[in-house]
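Everything on this sheet refers to the single structure shown next.
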Amino acid sequence: MYSIHKWSCLILLLELLSIVSSSYADEQQPLRPVMNDVPKRVAIVGAGAGGSFAAYEMRKLASKAGIPLNITIYERASYIGGRSTTVNAFEDPAYPIELGASIFVQVNANLLNASRDLGLSVRSADYGRPKETDESIGIWDGTQFVFTLKNDSSWWNIGRLFWRYGLAPLRTQNLMKNIVGRFLRLYEEPIFPFQSLTEAAAEVDLLDSTSTSGAYFIEKNKIGKLFASDIIQASTRVNYGQNLPVIHGLESMVCMATDGAVSIDGGNWQIFDGAIKASKAEVRLNTTVTAIERNDDGTVHITSHPTGDLDSVQSSEVLEYDELVIAGPLQYSGISISPPLDHIPDEIPYIKLHVTLFSTPHRISAAYFGLQGDNVYAPETILTTHPETDWPSDDPSGVGPARFWSVSTLRTVTRTVIRNGDEQQEQHYVYKIFSPERPSAAMIAKMFDIEYDDRTSVVVPRTNTSIGDLPTSEISWFHEKIWNPYPVLYPRVTFEESLLAPRVWYTSGIESFISTMETSALMGRNVAALMLQSWQKESEQADANDGSSSSPRTEL
Ligand SMILES: Cc1cc2nc3c(=O)[nH]c(=O)nc-3n(C[C@H](O)[C@H](O)[C@H](O)COP(=O)(O)OP(=O)(O)OC[C@H]3O[C@@H](n4cnc5c(N)ncnc54)[C@H](O)[C@@H]3O)c2cc1C
Ligand SMILES: *[C@@H]1O[C@H](CO)[C@@H](O)[C@H](O)[C@H]1NC(C)=O
Ligand SMILES: *[C@@H]1O[C@H](CO)[C@@H](O)[C@H](O)[C@H]1NC(C)=O
Ligand SMILES: *[C@@H]1O[C@H](CO)[C@@H](O)[C@H](O)[C@H]1NC(C)=O
Ligand SMILES: *[C@@H]1O[C@H](CO)[C@@H](O)[C@H](O)[C@H]1NC(C)=O
Ligand SMILES: *[C@@H]1O[C@H](CO)[C@@H](O)[C@H](O)[C@H]1NC(C)=O
């Protein structure tokens with residue numbers, strides 16, 4: 001269920017194979033009204049997929065139940081969307097480019113339904129790709145392409161797949177469908193809403209797939225290692241920066257569920273922005289929550305600061321709430337909590353990912369990728385894997401000789417440039433590179449046939465160059481970003497609780513299970529539904545108590 005440019009590849013591949021569709025659960029039952037005019041005060045920390053969907057669902061359920069609600073969302077960044085955000089190429093709003101999460105798929109009902117209900121325009125994930133090359137996707141092992149996909153995916157591609165991989169593609173597809181089917185049961189009663197993701201995952205029979213590495217899970221399901229190494233691992237690398245011996249079986253299969261990959265025209269963050277607007281929450285941007293105090297009377301005090309002024313006491317503000325949702329990884333939130341939570345989420349390693357966006361008049365270098373001849377072009381999307389001879393790799397966490405996870409051509413733009421004193425129009429390509437290290441100027445120059453005088457390094461050692469060192473005549477725009485985009489998805493069989501302490505809810509436990517916009521959104525809805533259930537239970541108890549106190553008591 002997931003990520004972009006990267007994705008266009010597998011999308012095409014799996015289109016050849018033809019895929020799943022699924023049915024969805026009914027909405028849950030309307031809640032019985034709670035007779036109380038005092039609004040419930042809910043604070044949400046984080047305006048990403050998790051926080052925005054918590055607010056969206058909470059408002060829907062509270063309206064249905066006639067419960068007055070006051071939602072405040074704290075967001076330390078200056079924008080809504082969290083890890084789903086765009087930057088504008090050339091700082092021009094006409095060219096928004098996804099800097100974080102770029103793709104979701106047909107089975108992602110939360111995102112698709114919200115896009116529909118909010119009136120956003122959904123389009124194919126590879127909408128902007130120029131489609132100028134004979135081969136749309138190549139999988140590179142650092143020395144050679146181990147697999148390429150024709151642009152106009154024709155019958156002989158399938159022939160070639162079977163020749164090379166035997167039954168592995170079909171087996172993978174069946175396994176993936178089966179896994180997706182189990183996953184979708186989490187959306188439905190009686191499993192949804194779930195307080196314990198661990199128990200819910202056990203009930204839908206997914207712990208088997210999370211308990212082992214993708215490499216082992218695939219082998220156990222009789223999928224040949226060549227297909228695993230060439231195709232599935234290219235997919236886990238582009239989506240999660242991880243090889244199959246590291247990432248668990250469930251997330252490996254999620255990487256293959258790419259049917260109907262789409263994104264929102266203008267940026268996926270608009271789903272989360274729209275959800276927040278629909279929730280009528282008050283959003284406090286540039287506001288960092290620094291401390292949470294859980295009071296004896298059941299309320300929560302939240303201390304916040306303007307993000308640029310974290311140390312000043314004067315600028316801090318303390319407000320009281322009835323409930324709190326922490327909707328981002330607690331380990332990166334910098335929040336101190338007292339008294340300590342009943343369940344403190346484990347600190348876990350996250351991937352470090354360099355995203356390099358840039359534009360240039362140059363195509364991807366055919367020569368760099370070992371292609372020769374006139375009018376021979378490299379595929380517009382290049383994914384990578386370890387060499388087959390290195391399976392399973394003796395460097396399981398490493399990127400290997402390819403040195404990057406993916407390079408993709410996003411779109412073309414027309415630029416007016418001055419060359420040799422003349423003003424002229426040029427077509428430039430916008431690219432995205434995912435890599436575990438910052439790409440050096442020399443690496444980018446070689447990969448894009450850009451002339452770059454690397455000899456300066458003889459005179460002045462230049463070990464720390466980057467895209468900014470290349471001439472502006474060749475790189476017309478660039479943007480670099482380092483993310484902690486997703487956890488290292490080591491095999492595991494337990495997941496963090498949705499309720500960390502009374503009235504303190506948490507959405508990010510799901511990231512160690514499946515880390516996507518959709519699953520964060522699902523978890524946001526899940527905690528909202530649990531919260532509403534807890535209010536309902538409280539009010540039933542209150543009613544029961546009222547009833548007993550007003551009725552004459554006879555016994556002692
Ligand atoms: C480069 C990249 C590519 C990706 N590709 C895809 C993809 O194609 N498809 C896909 O589905 N997923 C993709 N993902 C993953 C996806 O972005 C995340 O799983 C999802 O967006 C997480 O949403 P969230 O709401 O749980 O967390 P976040 O989006 O991280 O939201 C948490 C928010 O909390 C805020 N916050 C944290 N602490 C505080 C505090 N103390 N006070 C106030 N605010 C605070 C943060 O600023 C942040 O905005 C990608 C991620 C990256 C980075
Ligand atoms: C909602 O809560 C905020 C912050 O506590 C407060 O400023 C606002 O007046 C409240 N709004 C309503 C309608 O109660
Ligand atoms: C948040 O901070 C940014 C950068 O400091 C600023 O441009 C923006 O206007 C601020 N937004 C709000 C809502 O305060
Ligand atoms: C999405 O919308 C469909 C059609 O309205 C509905 O049947 C389904 O339950 C919804 N799913 C979710 C997760 O919102
Ligand atoms: C690739 O396919 C697309 C649509 O399927 C088509 O528009 C485009 O011209 C093709 N490109 C090449 C180089 O064949
Ligand atoms: C490399 O350059 C970056 C930014 O220009 C700088 O922050 C970093 O410290 C440098 N690293 C080394 C090893 O010089």
Side-chain angles (χ1 to χ4, degrees), residues 1-7 12 23-28 44-54 57 73-85 98-105 108-114 116-117 125-126 129-136 150-153 184 187-188 192 238-241 254 261 263 268-269 272 284-292 302 304-305 307 310 326-335 350-351 353-355 377 380 432 434 481-487 507-508 510-511 514-525:
M1 51 185 57
Y2 199 117
S3 228
I4 177 171
H5 52 300
K6 9 169 161 186
W7 282 104
L12 291 175
S23 59
Y24 304 105
D26 292 325
E27 295 276 299
Q28 67 254 59
I44 299 177
V45 182
S52 62
F53 269 70
E57 184 73 6
I73 304 182
Y74 291 87
E75 173 52 64
R76 72 176 160 201
S78 60
Y79 64 91
I80 285 171
R83 277 169 276 169
S84 171
T85 189
E98 295 288 359
L99 183 63
S102 45
I103 286 197
F104 56 102
V105 297
N108 292 166
N110 287 302
L111 299 180
L112 272 182
N113 282 9
R116 177 195 66 203
D117 298 344
D126 72 346
R129 192 167 60 80
K131 304 186 177 95
E132 290 174 350
T133 57
D134 290 341
E135 280 160 341
S136 51
K150 286 272 166 204
N151 172 53
D152 53 343
S153 36
L184 289 173
Y187 286 51
E188 300 170 17
F192 185 90
V238 64
N239 280 296
Y240 292 110
V254 163
S263 59
N268 294 327
W269 64 271
F272 311 121
R284 310 183 66 190
L285 295 176
N286 293 343
T287 308
T288 300
V289 171
T290 52
I292 293 168
I302 293 190
S304 65
H305 285 81
T307 295
L310 289 186
I326 300 172
L330 185 61
Q331 67 188 61
Y332 292 130
S333 71
I335 302 175
Y350 269 66
I351 293 289
L353 178 72
H354 286 255
V355 177
Y377 299 108
E380 284 172 350
K432 179 185 279 188
F434 279 1
K481 167 82 184 169
I482 304 175
W483 287 105
N484 288 124
Y486 11 71
T507 61
S508 298
I510 202 160
E511 283 193 54
I514 299 176
S515 185
T516 58
M517 295 184 282
E518 171 71 11
T519 41
S520 281
L522 172 68
M523 205 55 173
R525 279 187 54 218

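Order of appearance sets the numbers: ligands from 1, and atoms from 1 within every ligand. Quantities reported herein were computed from a predicted structural model and do not represent experimental measurements. Throughout, residue positions are numbered sequentially from 1 according to the sequence presented.
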Measuring from atom 5 (O) of ligand 4, which candidate in Arg525, Arg116, Glu188 has the nearest non-hydrogen atom? Arg116
Enter the distance from Asp134:CG to Glu380:CD here, rounded to the nearest 0.5 Å. 10.0 Å
Ignoring angles and geometry beyond distance, decide whether Val289 reaches within less than 3.5 Å of ligand 1 through its nitrogen or oxygen atoms. yes
Ligand 1 N/O within reach of Ile103 N/O, cut-off under 3.5 Å: yes
Which one of Asp117, Asn113, Asn110 has a non-hydrogen atom at the shortest distance from atom 6 (C) of ligand 4? Asn113
Contacting atoms of ligand 5, where contact means under 4.0 angstrom from a heavy atom of Thr133: 13 (C)
Proximal atoms of ligand 1 relative to Ile335 (non-hydrogen, under 4.0 Å): 41 (N)
Not counting sequence neighbours, which residues clear side chain to side chain donor-acceptor pair (under 3.5 Å) with His354? List them please. none
Between Thr307 and Thr288: side-chain donor-acceptor atoms closer than 3.5 Å: yes
Quick check: Arg76 and ligand 1, any N/O pair under 3.5 Å apart? yes
Is there a donor-acceptor pair under 3.5 Å between the side chain of Glu511 and the backbone N or O of Tyr486? no
N/O separation below 3.5 Å, Ser520 to ligand 1: yes
Examine Ala49 against ligand 1 and note whether any of their N/O atoms are separated by less than 3.5 Å. yes
Does ligand 1 come near enough to Leu99 that some N or O of the ligand is less than 3.5 Å from an N or O of the residue? no
Heavy atom under 4.0 Å from ligand 1: found in Ser304's side chain, backbone, both, or neither? neither
For the side chain of Ser508 and the backbone of Gly328, is there at least one donor-acceptor N/O pair under 3.5 Å apart? yes
List every atom of ligand 1 that sits less than 4.0 Å from any heavy atom of Ser102, numbering the atoms from 1 in the order shown and giving each element. 5 (N), 6 (C), 7 (C), 8 (O)
Does ligand 1 come near enough to Glu511 that some N or O of the ligand is less than 3.5 Å from an N or O of the residue? no
Of all the atoms in ligand 5, which lie at a distance below 4.0 Å from a heavy atom belonging to Glu132? 13 (C)
Could you tell me whether Tyr486 and ligand 1 have an N or O pair separated by under 3.5 Å? no
Nearest 0.5 Å please: distance from the OG1 atom of Thr287 over to the CZ atom of Arg76. 12.0 Å
Counting both backbone and side chain atoms, is some N or O of Trp483 under 3.5 Å from an N or O of ligand 1? no
Using distance alone, determine whether Phe434 and ligand 1 share an N or O pair under 3.5 Å. no
All ring-ring contact (aromatic ring centres under 6.0 Å, His included) counterparts of Tyr332, not counting sequence neighbours: Tyr350
